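Take a look at the structure below.
None of these values were measured; they are calculated from a predicted model.
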Amino acid sequence: DELDRIKVAAKNGTGALVRHILHTHKPKTNNEVPSDFTDAGMRKTLLKVIRIYHQDKNTVEAHGLEWHLLCREITKQLNAKLELYK
């Protein structure tokens, strides 16, 4: 199941999680996809990716329930990683 794959990617580190999300679940909006996966730039990258996948920007009406729920889980995992960079 995809939620399990996201959780496994999260256990492999922040960069692995972000790469997995961007590669496996292409953004449905025209946001600029971040490319800085260095430790120094990871906080900014996380913030950008959270904005791309935030459930408020990926509504059920626009993208369907499955995508909306997936975005909620993605955002939850990314926010947990963001806490490490505060």
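Rounding to the nearest 0.5 angstrom, the gap separating the CD atom in E73 from the CD atom in Q55 is 10.5 Å. Atom NZ of K7 and atom NE2 of H20 lie 12.5 Å apart (nearest 0.5 Å). Of the inter-residue distances, the one linking K48 atom NZ with S35 atom OG reads 7.5 Å to the nearest 0.5 angstrom.
Counting side-chain heavy-atom gaps under 4.5 Å among Ile, Leu, Val, Met, Phe, Trp and Tyr, the cluster of L84 also holds L3, I6, L17, V18, I21, L22, V33, F37, M42, L46, L47, V49, I50, I52, Y53, W67, L70, I74, L78, L82, Y85.
The heavy-atom pair separating A9 from A16 by the smallest distance is O-CB, 3.9 Å.
In this structure, the side chains of R5 and E2 come closer than 4.5 Å at one or more pairs of heavy atoms.
Checking side-chain atoms of T45 against main-chain N and O of D36 turns up a donor-acceptor pair under 3.5 Å. With hydrogens and angles disregarded, no donor-acceptor distance shorter than 3.5 Å links the side chain of H63 to the backbone of N58.
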